[in-house]
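Report on one structure; see the data block that follows.
Each ligand, and each atom within it, is numbered from 1 in the order the structure gives.
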Amino acid sequence: MKCLICNSDSEFLTRKNYEGDFKILLEQNTYMKCPQCGFSFSKTIQEMSDLEWEELNFGFHKLLESQKFTDDINQPPYIHQANLINILSKLGLIDLQHSLDYAGGHGTLTKILRNYYGSDLPVYDPYVQDDNSNSLHYIEEIKGKKFKFINCSALFEHIRSESDLDEIASLVDEDGVLMIHTVICENIPADPNWFYFVPPVHSAFFTNKSMDIWMEKWNFSASVYCKDAKSWLLFKKDSEALQNSIKEVNSLLQSQFLIHKKGFVDYWKGF
Ligand SMILES: [Zn+2]
């Protein structure tokens, strides 16, 4: 099977056999790895029909709701993400007037921004909407639209095809910013017990090199990493003003709150 990022032939990485409740959902996941860019993926999930994939996700979320696995599943660091978005907006580095929380589900981040920061982040999610969605700003149709700021949290690890990624990137305006939260590291280990292989619905695993290639494909020139929010911001346009703003924030906070780099910030090199 071909790598979704660089189109090289992939190789077998490892296989995970599930136990207990997970095994009822899925017997095993076979993971493949690209020898060129390191991007890894579940062959099992890529080969599923859309219906099988939907059923796996439905079953997995039902298990989560039963709260059996709350200790094992890391939720996104919402308050840190909201804080980051607020600071970037105040600095004029992102434009919340033309923004979107892509696959934002129940709108948790939007509610935090609204309740504690007084700003709005419209939500798009074709699959999940909050029961009380009247109070949230849902966008129903996004085809052909462009946004200045898109948040895409905990989604990259669930993509199954190149077109899933292309759809997200194609929504970002030519001077826009894409914020992503997922695990991105130097190397995906051939270890079935690796923490990111635990949820059977994780299908895609990005490396620093694969992100560099993907950014180039979609004309993102620089990125910024915030370790508190465990999130990257991919900027279409780099500028001196952007770099100076980051220096000012770090100086005021007396910490490396934001890290800037041309290309992708390869913060996690441990593996
Ligand atoms: Zn590749």
Side-chain angles (χ1 to χ4, degrees), residues 1-16 26 28-50 52-53 56-57 102-103 150-172 176-225 230-236 238 259-271:
M1 294 174 87
K2 299 280 187 192
C3 169
L4 301 184
I5 305 298
C6 74
N7 210 33
S8 303
D9 286 322
S10 60
E11 296 169 352
F12 175 80
L13 177 64
T14 188
R15 180 172 288 118
K16 185 172 183 66
L26 193 64
Q28 60 86 30
N29 250 325
T30 297
Y31 301 104
M32 307 293 285
K33 182 176 191 166
C34 171
Q36 297 303 319
C37 75
F39 174 79
S40 302
F41 60 93
S42 162
K43 176 176 183 283
T44 315
I45 291 176
Q46 274 199 21
E47 287 176 341
M48 281 178 185
S49 68
D50 289 348
E52 286 170 324
W53 175 231
L56 174 62
N57 280 294
Y102 186 93
I150 296 179
N151 179 50
C152 192
S153 184
L155 183 68
F156 270 41
E157 64 272 27
H158 300 285
I159 62 108
R160 291 205 298 157
S161 68
E162 194 179 357
S163 62
D164 288 346
L165 285 173
D166 289 350
E167 179 179 305
I168 297 161
S170 68
L171 295 167
V172 183
V177 182
L178 176 65
M179 177 163 144
I180 56 172
H181 164 73
T182 186
V183 166
I184 302 170
C185 53
E186 189 67 18
N187 181 43
I188 309 302
D191 173 6
N193 296 317
W194 187 46
F195 82 104
Y196 226 43
F197 290 149
V198 170
V201 289
H202 282 181
S203 54
F205 310 89
F206 290 80
T207 59
N208 295 319
K209 190 175 178 187
S210 63
M211 282 307 300
D212 255 330
I213 295 169
W214 192 74
M215 281 179 68
E216 210 177 317
K217 176 184 174 186
W218 284 98
N219 296 321
F220 290 100
S221 54
S223 62
V224 170
Y225 184 64
K230 291 183 180 155
S231 298
W232 283 266
L233 295 127
L234 313 184
F235 284 79
K236 286 269 173 127
D238 197 7
I259 299 167
H260 169 278
K261 192 181 168 184
K262 290 199 185 298
F264 188 71
V265 180
D266 49 349
Y267 184 80
W268 298 98
K269 296 186 188 185
F271 292 110

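Looking only at side-chain heavy atoms (C-beta outward), L26 and M48 come within less than 4.5 Å of each other.
Relative ring orientation between Y31 and F197 is described as parallel, the plane-to-plane angle staying below 30° on a 0-90° scale split at 30° and 60°.
At most 12 non-hydrogen atoms from other residues, nucleotides or ligands lie less than 6.0 angstrom from NZ of K230.
Between the side chains of D238 and S221, not a single donor N or O lies within less than 3.5 Å of an accepting N or O.
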Start with the C-alpha gap between W214 and F156, add the side-chain angles, then the distance that decides, and say whether ring-ring contact (aromatic ring centres under 6.0 Å, His included) holds.
CA-CA 12 Å; W214 192 74; F156 270 41; 5.6 Å; yes
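Near the Zn ion (ligand 1), less than 2.8 Å away, sit the protein N, O or S atoms C3 SG, C6 SG, C34 SG, C37 SG.
A salt bridge links E162 to K217: one of the charged nitrogens lies within less than 4.0 Å of a carboxylate oxygen.
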